[in-house]
Participant: 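Provided herewith is a single structure, encoded as structure tokens, for subsequent inquiry.
Source: prediction; values computed, not measured. Below, read A as the first sequence line, B as the second, and so on, with proteins coming before strands; counting in each chain starts at 1.
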Protein chains: 2
Amino acid sequence: MTSAPTWPGSFGTEPKRKKRTLSRELIVETALRVVDTEGLDALNMRRVAQELGTGAASLYAHVANKDELLSLLLDRVYADLRHPAPDPERWREQAKDFLRQARNNLVAHGDLARAAMEQNIPTSPAALDSAEAMLALLRAGGLPEQVCAYGVDVISLYMVATAVEESSRTKPGEQRGEGSAQPYLDGIRGFFGSLPAERYPLIVAMAGPLTRNVGDERFEFGLDLLLDGLVAQAGRTFD
Amino acid sequence: MTSAPTWPGSFGTEPKRKKRTLSRELIVETALRVVDTEGLDALNMRRVAQELGTGAASLYAHVANKDELLSLLLDRVYADLRHPAPDPERWREQAKDFLRQARNNLVAHGDLARAAMEQNIPTSPAALDSAEAMLALLRAGGLPEQVCAYGVDVISLYMVATAVEESSRTKPGEQRGEGSAQPYLDGIRGFFGSLPAERYPLIVAMAGPLTRNVGDERFEFGLDLLLDGLVAQAGRTFD
DNA sequence: TCTACTTACGAACGCTGTTCGTGTCAAGTA
DNA sequence: TACTTGACACGAACAGCGTTCGTAAGTAGA
């Protein structure tokens, strides 16, 4: 097919094509989708730009750099949390529910948790809301201020660390499900069991318990451990 | 100065220069030095090769890739740990000593802890030795098998996570010391204090306790919390 | 001496984050 | 209406990084 000739400056020239419109929110949502489907390591400026039908350089009008994009991603995810109204009679169960929620929320985005590990101090709006909510629950439980202050740190570290741990057991972009970690843990179990027993008697003997994978049992164990341990610090003094 | 002419194949030819000799151990030690002085982000194959007076490609005869180098680095660091002989009468104090040792050992290498976060299951010789030692201590305390199995996971996560947290408060390559985290925490304290009190009443009111920085108090708090909490799980049943 | 294997390592490749320079568009002003 | 300014869009290019490929050198064994 022969293309029609183009006449410069002729009457009725076709109007210039409108530039596409980006926004910070659009970029963040797109980046989150990339992480969800392909994992954190697949997230790069070109990949996000490709999804948006533009070039990587275009993103820099809206986000300073990739680090900022990651911060925005995390804040976006933390914004999905619902904060309970503290009830002194039920603070403990509320705390556990909230932490389950927080962890599931983070785990739902696969290995994004790895980025969360590097930004543990809450500085963004949603993360601060989350920290405030957790503090409120611990205070509702009547724990002393300093115990709550240190406690919220320990608890947060645990929550994020377990999310990282969980994500390392599934493939990037893969949805976490009942058996998603099983193949990995089976492999570890086999590895533990095959170690030389004279050097690692306990690991070999306990390969099964070490790699036990029953729903959220491991996380729940940690929650009880943390809260029992926290309550036990109520009488602690600080110089 | 006019250079002396070079005669090909002449008598008394100067012997060929000997190729330098690398080794996996040398590469690991060099990489560790780079991390110690410049931080984890400065660690790359070219940087290590430069320190060794060679090219990055040379390293690949000894390490498969950068990931393997990181694994070797961590194993190298874990190898510095001394493992206590468990004493049932003192298992708890021994556990705390061991964890202090493990954390200080990791923290001594600055932000290398971030790499440790991504390899939480012990698979290398030294890490396995460490896990075995920790298990031995918990078992010496008479705790049930499954409690020890899950406990060693929680404790390990906490130890590594706090090392990561610690490293995020000092500059890469900077030695951790008494006041190294103070400027950072002062900044956070100021930030917390300046937040809108109607949205964040507890964070604003507790800015001081939240950013309290007294020696290893925060870590020690976590140790007691964890061990108290662990002991409290002794009677727990698992389906 | 020759062969085979191991190690050493430069050049080059693909990928990633980011900057620079140019173009486009919209709003405001004269 | 024409011009100016600022914000946004975005290709080309740059520097840096992990890694591979091909070639060279050294060593051990036959």
Participant: What nucleotide, of C:dT16, C:dT7, D:dT19, holds the atom closest to the side chain of B:Ala61?
Facilitator: C:dT7
Participant: Check for me whether B:Arg103 meets the cation-pi criterion with B:Phe219, that is, NZ or CZ under 6.0 Å from the six-membered ring centre and within 45 degrees of the ring axis.
Facilitator: yes
Participant: Please classify the nucleic acid contact of B:Ser58 as base, sugar-phosphate, or nothing, using heavy-atom distances under 4.0 Å.
Facilitator: base
Participant: Expressed as a whole number of angstroms, how long is the span from B:Leu70:CG to D:dC17:P?
Facilitator: 14 Å
Participant: What's the closest nucleotide to the B:Asn44 side chain, out of D:dG18, D:dA9, D:dT19?
Facilitator: D:dG18
Participant: Tell me the interatomic distance from B:Lys66, atom NZ, to D:dG16, atom C1', rounded to whole angstroms.
Facilitator: 11 Å
Participant: For A:Asp41 and D:dG18, what is the distance between atoms CG and C1' respectively, to the nearest whole Å?
Facilitator: 13 Å
Participant: Can you check the A:Tyr60 OH to D:dG11 P distance for me, whole Å?
Facilitator: 14 Å
Participant: Taking only N and O in the side chain of A:His62, is any of them less than 4.0 Å away from OP1 or OP2 of D:dA7?
Facilitator: no
Participant: Which of these nucleotides, D:dA9, C:dG17, D:dT19, is closest to any side-chain atom of B:Met45?
Facilitator: D:dT19
Participant: Report the distance from atom CZ of A:Arg24 to atom C1' of D:dA9, rounded to the nearest whole Å.
Facilitator: 17 Å
Participant: Checking A:Gln182 against A:Asp186: is there a side-chain donor and acceptor pair closer than 3.5 Å?
Facilitator: yes
Participant: Can you tell me the distance, in whole Å, between the CD atom of B:Glu68 and the P atom of D:dT19?
Facilitator: 10 Å
Participant: Roughly how many Å is it from CG in A:Leu43 to P in C:dC15, rounded to a whole number?
Facilitator: 17 Å
Participant: Got a second to check how far B:Ser167's OG is from A:Glu118's CD, nearest 0.5 Å?
Facilitator: 8.0 Å
Participant: Rounded to the nearest angstrom, tell me the gap between atom CG in B:Leu26 and atom C1' in C:dT7.
Facilitator: 14 Å
Participant: Under a 4.0 Å threshold between the charged nitrogen and the carboxylate oxygen, would B:Arg76 count as salt-bridged to B:Glu29?
Facilitator: yes
Participant: Picking from C:dC9, D:dA13, C:dC13, which would you name as closest to the side chain of A:Arg46?
Facilitator: D:dA13
Participant: Taking only the side-chain heavy atoms of A:Ala57 (C-beta and beyond), determine which of D:dG11, C:dA8, D:dT19 contains the nearest atom.
Facilitator: D:dG11
Participant: Does A:Glu68 offer a backbone N or O that forms a donor-acceptor pair with the side chain of A:Asn65 under 3.5 Å?
Facilitator: yes
Participant: Side-chain N or O of B:Thr54 versus OP1/OP2 of C:dC9: is the shortest distance under 4.0 Å?
Facilitator: yes
